[in-house]
Amino acid sequence: MKSIILLSDILSKNCAMIPTRRFVVFLEKMFPYRFLAVKITRVPILRAMINKMLFDKTNLTVLPKESVIEINLEKPMQPPDNIVLPSQVVEYFIRKTTYRFIMNFCICREAMDCKNHSKELGCVFLGEAARGINPEFGREATTEEALAHVQKCRSEGLIHLIGRDKIDETWLGVGSEGKLLTICNCCSCCCLWKMLSNLDPKIRVKVKRMPGIEVTVTEKCSGCGTCMQHCFVNAICVQNGKAVISADCKGCGRCAEHCPNKAIEVTIQDSQFVEKTIHRIKSSVDVL
């Protein structure tokens, strides 16, 4: 409890100044304890405090891996600006925004000393608030550079989370006016949001699956449990010899990618899935 109060105090003070690399080192040392720390959000009186400090107005969407998606629609898709793939939601905002900033490190993978993915593949931050990020953390990027960065992240098997993230607004010290858009490039081994299953459900729902994405376990399932090892939100269990996916699933598609029997299907059931995702993001953050 004392460590949470100390962290709250440091973060609130830090919002009034530009954070330094020394502050990042402090956050990285605290990072492994996040699973224990967020359990206090299940205590009502503490949930309100933590929610206000770190999750207020957070609105993130997980974009699924495109390699596992099957399109199941009764009518042809007609998304805006010819966008036909989930990752092109990211590209839409990169092209439309006023400012782009590429982090030169991933705080999650640095903190956990990740052995599976590049620590240099950091978040991309968009919008006017990103101008206030400490230049020691990365650099301003052109549209082409930002697009190349997210493509490299996808080629490494990383998953995009996109939207407004109060945690980023707080630790970066850029204000909370909704002018910062986060594009997080997450791995299943080190991602901050592995803590989701430990959070109070009222906070947990602020990280959502993409509209129209359905994840289904077919009769091919042998109950081997491989999918459970790759779910970063603990949304899968094995019951009566078959995998069962709960409502906590964020639709990332890693389970389908790694299933040895190809028994999990990820489908798009809504022809307006991209348009709805863009609208969801625009409703909480203004970077255009």
Side-chain angles (χ1 to χ4, degrees), residues 4 7 11 24 27-28 30-42 47 50-51 53-65 86-87 89-90 103 105-114 116-117 119 121-125 150 153-154 156-172 180-210 213 215 227-236 245-255 257-258 266 277 280-281 284-285:
I4 293 297
L7 179 59
L11 285 171
V24 171
L27 291 179
E28 291 179 350
M30 296 289 292
F31 192 83
Y33 304 104
R34 67 196 185 280
F35 300 108
L36 293 174
V38 297
K39 284 185 177 180
I40 69 171
T41 62
R42 300 188 181 190
R47 178 175 61 233
I50 300 300
N51 180 52
M53 182 179 73
L54 294 176
F55 302 103
D56 185 39
K57 298 181 180 178
T58 289
N59 184 11
L60 289 166
T61 297
V62 179
L63 304 187
K65 293 180 72 68
S87 65
V89 172
V90 170
M103 296 287 283
F105 64 96
C106 171
I107 191 170
C108 301
R109 285 188 281 279
E110 272 199 354
M112 300 305 293
D113 192 22
C114 185
N116 302 315
H117 301 279
K119 299 173 187 176
L121 293 178
C123 293
V124 177
F125 294 110
V150 295
C153 291
R154 290 193 294 272
E156 275 215 16
L158 303 177
I159 296 289
H160 296 314
L161 273 72
I162 180 171
R164 184 175 180 179
D165 187 351
K166 179 61 179 292
I167 291 177
D168 286 333
E169 291 178 348
T170 302
W171 84 268
L172 289 169
L180 184 76
L181 179 67
T182 292
I183 301 173
C184 188
N185 307 299
C186 297
C187 58
S188 60
C189 45
C190 306
C191 180
L192 169 70
W193 294 106
K194 288 185 71 174
M195 69 181 180
L196 270 180
S197 59
N198 289 38
L199 281 166
D200 181 88
K202 293 181 180 179
I203 298 177
R204 193 186 307 162
V205 296
K206 296 186 178 188
V207 180
K208 309 174 180 69
R209 76 167 69 184
M210 194 175 193
I213 297 296
V215 183
C227 52
M228 296 174 59
Q229 301 171 22
H230 296 278
C231 180
F232 78 120
V233 293
N234 295 328
I236 309 176
I245 300 175
S246 75
D248 289 329
C249 169
K250 302 305 175 184
C252 70
R254 289 191 181 102
C255 57
E257 180 182 45
H258 292 281
V266 181
T277 304
R280 176 192 288 176
I281 295 167
S284 61
V285 62

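This is a predicted model, so every value here is computed, not measured.
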Is [X] reaching over with its side chain to a backbone N or O of [Y], donor-acceptor style, under 3.5 angstrom?
X	Y	value
N185	R154	no
H117	E156	yes
K250	V207	yes
K206	F55	yes
R34	F31	yes
T182	C184	no

Close side-chain approach of [X] to [Y], heavy-atom, < 4.5 Å:
X	Y	result
C252	F232	yes
I162	I281	yes
M53	I50	yes
V89	T61	no

Query raised in the report: Can you list the residues that meet the side chain to side chain donor-acceptor pair (under 3.5 Å) rule with K119, with sequence neighbours excluded?
Result: D113
Query raised in the report: Does K208 have any side chain to side chain donor-acceptor pair (under 3.5 Å) partners at least two apart in sequence or in another chain, and if so, which?
Result: N59
Roughly how far, to the nearest 0.5 Å, is [atom2] of [Y] from [atom1] of [X]?
X	Y	atom1	atom2	value
I167	L172	CD1	CG	11.0 Å
L121	R109	CG	CZ	6.0 Å
L199	K39	CG	NZ	11.5 Å
L60	L161	CG	CG	5.5 Å
C153	I183	SG	CD1	9.5 Å
D200	N51	CG	CG	9.0 Å

Query raised in the report: Shortest non-hydrogen contact from R47 to T41?
Result: CB-O, 3.0 Å
**Report entry** Nearest non-hydrogen partners of I236 and C227, listed with the distance
**Finding:** CG2-SG, 3.6 Å
For residues 187-198, which side-chain donor-acceptor pairs fall under 3.5 Å, sequence neighbours excluded?
residue	atom	partner	partner atom	Å
S197	OG	N234	ND2	3.0
N198	ND2	F35	O	2.8

